[in-house]
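First the structure, in the form of structure tokens, and then the observations on it.
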Amino acid sequence: MDKMILLFEEFIIKAITLTETMIALDYSNGDKVAELTANRERLLLIMDQISKQINWNEVQMDKRNDLNKQIDYIKKLDEKLLTNLQEYSVQTRKEIETAHRQKENIKGYNLNDVK
């Protein structure tokens with residue numbers, strides 16, 4: 001049982017590290033964002049499977065509290081990550097709208113009259 005707790009704790013640390021990496025990432029690199037997101041999803045699924053194999057009633061209360069604090073930290077990081085992604089989405093949408101407006105404005109010019 002101790003091995004499973006240690007493994008679970010190791011994966012929590014990896015999830016924290018990966019999430020912090022994603023927060024600091026340049027979101028314009030869509031391939032990197034997609035790769036890290038897929039890796040993080042797999043990591044969380046593995047954590048879920050490990051946690052199902054642990055008899056939490058046998059785990060010391062202090063250890064459970066520490067693990068819960070780490071999980072809560074991951075949740076806070078998730079909120080920050082989502083906020084960053086939403087801000088990037090809004091910024092990208094504005095850039096697309098501006099480019100589209102500029103394209104429409106250019107369509108109105110008759111360049112044949114220019115000497």
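Basis for what follows: all heavy atoms, side chains included, without hydrogens, waters or symmetry-related copies.
For Glu95, the side-chain hydrogen bond (donor to acceptor under 3.5 Å, both in side chains) partners are Gln91, not counting sequence neighbours. Listed by chain and number, the residues in a side-chain hydrogen bond (donor to acceptor under 3.5 Å, both in side chains) with Asp66 amount to none (sequence neighbours excluded). Among residues two or more places apart in sequence or in another chain, the side-chain contact (heavy atoms from CB on, under 4.5 Å) test is passed with Lys80 by Ile23, Asn84. Not counting sequence neighbours, the partners of Glu97 by the side-chain contact (heavy atoms from CB on, under 4.5 Å) test are Arg93, Arg101. Taking Lys69 as the reference, nothing meets the side-chain hydrogen bond (donor to acceptor under 3.5 Å, both in side chains) condition, with sequence neighbours excluded. Partners of Leu85 according to the side-chain contact (heavy atoms from CB on, under 4.5 Å) rule, which considers only residues two or more places apart in sequence or in another chain, are Tyr27, Leu81. For the side-chain hydrogen bond (donor to acceptor under 3.5 Å, both in side chains) test, residues two or more places apart in sequence or in another chain that qualify with Glu20 are Tyr73. Contacts of Phe8 classified as ring pair (Phe, Tyr, Trp, His ring centres under 6.0 Å), with partners at least two apart in sequence or in another chain: Trp56.
A pairwise comparison of heavy atoms in Asn39 and Leu18 identifies C-CD2, 4.0 Å as the closest pair. Pairing each heavy atom of Thr37 with each of Val33, the nearest pair is OG1-O, 2.7 Å. Between Met4 and Ile50, the shortest heavy-atom contact is O-CG2, 3.7 Å.
Using a 4.5 Å heavy-atom threshold, the side chains of Thr19 and Met22 count as separate.
Between the CD1 atom in Ile5 and the CD1 atom in Ile12 there is a gap of 9.0 Å [rounded to 0.5 Å]. The CZ atom of Phe11 sits 5.0 Å away from atom CD1 of Ile46, with the distance rounded to the nearest 0.5 Å. With rounding to the nearest 0.5 Å, the separation of OG1 in Thr21 from NZ in Lys32 is 8.5 Å. We find the CD1-OG distance between Ile71 and Ser51 to be 7.5 Å, quoted to the nearest 0.5 Å.
Sorted by first and then second residue, the pairs that involve residues 9-19 and meet salt bridge (charged side-chain N to carboxylate O under 4.0 Å, His left out), not counting sequence neighbours, are Glu9-Lys63, Glu10-Lys14. Judged as a salt bridge (charged side-chain N to carboxylate O under 4.0 Å, His left out), the pairs with a partner in residues 35-56 (not counting sequence neighbours) are, in order, Arg40-Asp78, Asp48-Lys52.
By the 6.0 Å contact criterion, CG on Asp72 is enclosed, its count of non-hydrogen atoms from other residues, nucleotides or ligands being greater than 12.
No side-chain donor-acceptor contact under 3.5 Å links Asp26 to the backbone of Asn29.
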Evaluate the criterion side-chain contact (heavy atoms from CB on, under 4.5 Å) for residue pair Lys3 and Leu6; output intermediate values, then yes/no.
CA-CA 5 Å; Lys3 288 181 182 180; Leu6 292 174; 5.7 Å; no
